[in-house]
Participant: 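If you scroll down you'll find the structure; I have some questions about it.
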Number of protein chains: 2
Amino acid sequence: MDKIESNTEEKIFNAATEIFITKGFDGARMQDIADFAGINKAALHYYYRSKKRLFDAVFEKIANQILSRLVFVLDENLTLEEKIKYFFREHISFLQNNPTLPTFVVNELNRNPEKIKKFIQKINLKELGSKLENQHKEELENYNITKETIPMLIVSIAALCVFPFVDRVLIESVMKEIGYNFDDYMVKRKEHLSDFVIKAILK
Amino acid sequence: MDKIESNTEEKIFNAATEIFITKGFDGARMQDIADFAGINKAALHYYYRSKKRLFDAVFEKIANQILSRLVFVLDENLTLEEKIKYFFREHISFLQNNPTLPTFVVNELNRNPEKIKKFIQKINLKELGSKLENQHKEELENYNITKETIPMLIVSIAALCVFPFVDRVLIESVMKEIGYNFDDYMVKRKEHLSDFVIKAILK
DNA sequence: GTCTATAGAAGGATAGAC
DNA sequence: GTCTATCCTTCTATAGAC
């Protein structure tokens, strides 16, 4: 992705990312990672001490990558509709380039719920919520949104965006069966979803 | 769930279901399953020969359970809106009782894409599609639905319904943080989603 | 820092008694 | 059919040479 992998530590990290994402923690083998990195197995322990630590390093990096792409929602120059459009367009593009990330993250959070606390602390939900509410206070009157339905809306937007990737293998097969191509489908879906959601929330 | 587990085979099967669902294939241990069933490890191999076969038996049963709950979509006495309402209400109720199933199925399909072929053959998508189209031909004129957006709609409905369970741990934590309870939230969500979707597709 | 060799533990599977 | 004991492979992790 970024620069050419220079040192061994980086090679190991990149190989581990690849292997952990495709096979999960339990399915991944240190030998697989070593082979993929073109390096000896002992080096993995030299740099990362244990499989668990190596995994945690990979997960941490990925979690931060995802979070850092969401800061735009606080941009005060964007209207609510612009944010929705922006979210679908940017986030689906990101997932198109990293289609296996959602499954990986979901699995890890399921197996290791305590990691979520870190996640949540980083975001500081309540502050985020009130900031957003202030930013769009007047706008909200044009929409069919109440304090009660805000969590519904947020989960729905996330669902519409992320689900096709989590369930990708199934949806890809179904699309092929009826003559669609998954990537083309997702390209169209980006624009479709904005209209879909905005229509649903307009008064 | 059903009757009291009578024989050993059934005990093993139920224990395996529990363990495989919570830990996945790679994470599950034959010893865990044996302990959970209150039976010896050798018995597992006596009845199911290998871990893989035991797993496949469990997966097959669950896949059929899910599919069998979807036949109502072909009920010709229901309008399109009724089917949408029915789907959200019934399917979310089912998932509330089996909240860990989506993750389990998604993971297995990701690791073993060839299983999807079986799935798809059982459904016979094209026939299903044309039957549905005929059933609702006149109705469709009231909605903002074209041949192009049907796959969008179906994926969206599935996403809105299933995603909260796939990503349950995260959403549950977020809800708790802002003072909501996941189960209460999902109860409300059932009704909310019908309105949301129907509003989005109305002309 | 990187390699080879190997320790040591865990897990799937089977043999054989009952 | 069910159990104990055990085989054999696989995997993480480390020791020690270079």
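Lettering of chains follows the sequences in order, A, B, ..., and the numbering in each one begins at 1.
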Participant: Suppose we screen for ring-ring contact (aromatic ring centres under 6.0 Å, His included). Which residues come up paired with A/F196, at least two apart in sequence or across chains?
Facilitator: A/H192
Participant: Would you list the pairs meeting side chain to side chain donor-acceptor pair (under 3.5 Å) in which at least one residue belongs to residues 170-186 of chain B, sequence neighbours left out?
Facilitator: B/R168-B/E172, B/Y185-B/R189
Participant: Where each residue is assigned the nucleotide of DNA chain D containing its nearest heavy atom, which of B/K41 and B/E9 is assigned the position nearer the 5′ end?
Facilitator: B/E9
Participant: Rounding to a whole Å, what distance do you find between A/H45:NE2 and C/dG8:C1'?
Facilitator: 13 Å
Participant: I'd like the 5' and 3' limits of the part of DNA chain D contacted by chain B, with heavy-atom contacts below 4.0 Å.
Facilitator: D/dG1 to D/dT4
Participant: Taking only residues two or more places apart in sequence or in another chain, which ones pass ring-ring contact (aromatic ring centres under 6.0 Å, His included) with A/Y47?
Facilitator: none
Participant: Among all residues two or more places apart in sequence or in another chain, which pass the ring-ring contact (aromatic ring centres under 6.0 Å, His included) test with A/Y46?
Facilitator: none
Participant: Could B/K61 and B/F13 be counted as a cation-pi pair, given that NZ or CZ must be under 6.0 Å from the ring centre and within 45° of the axis?
Facilitator: no
Participant: NA contact type, A/A43, heavy-atom cut-off 4.0 Å: base, sugar-phosphate, or nothing?
Facilitator: nothing
Participant: Side chain to side chain contact (heavy atoms under 4.5 Å, CB included) with A/N40: which residues, sequence neighbours excluded?
Facilitator: A/A42
Participant: Contacts to DNA chain C from residues 27-34 of chain B, heavy-atom cutoff under 4.0 Å, which residues?
Facilitator: B/A28, B/R29, B/M30
Participant: Check every strand shown and say whether A/I39 touches a base, only sugar-phosphate, or nothing at a heavy-atom separation below 4.0 Å.
Facilitator: sugar-phosphate
Participant: Using atom NZ of A/K51 as one end and atom P of C/dA9 as the other, report the distance to the nearest whole Å.
Facilitator: 18 Å
Participant: Round to the nearest Å and state the distance from B/Y47 atom OH to C/dA13 atom C1'.
Facilitator: 18 Å
Participant: Excluding sequence neighbours, so at least two apart, what forms ring-ring contact (aromatic ring centres under 6.0 Å, His included) with A/F20?
Facilitator: A/F55
Participant: So, using side chain to side chain contact (heavy atoms under 4.5 Å, CB included) as the criterion, who are the partners of A/D35 when residues are at least two apart?
Facilitator: A/Q31
Participant: Quickly work out the B/D26 CG to C/dA10 P distance and round it to whole Å.
Facilitator: 18 Å
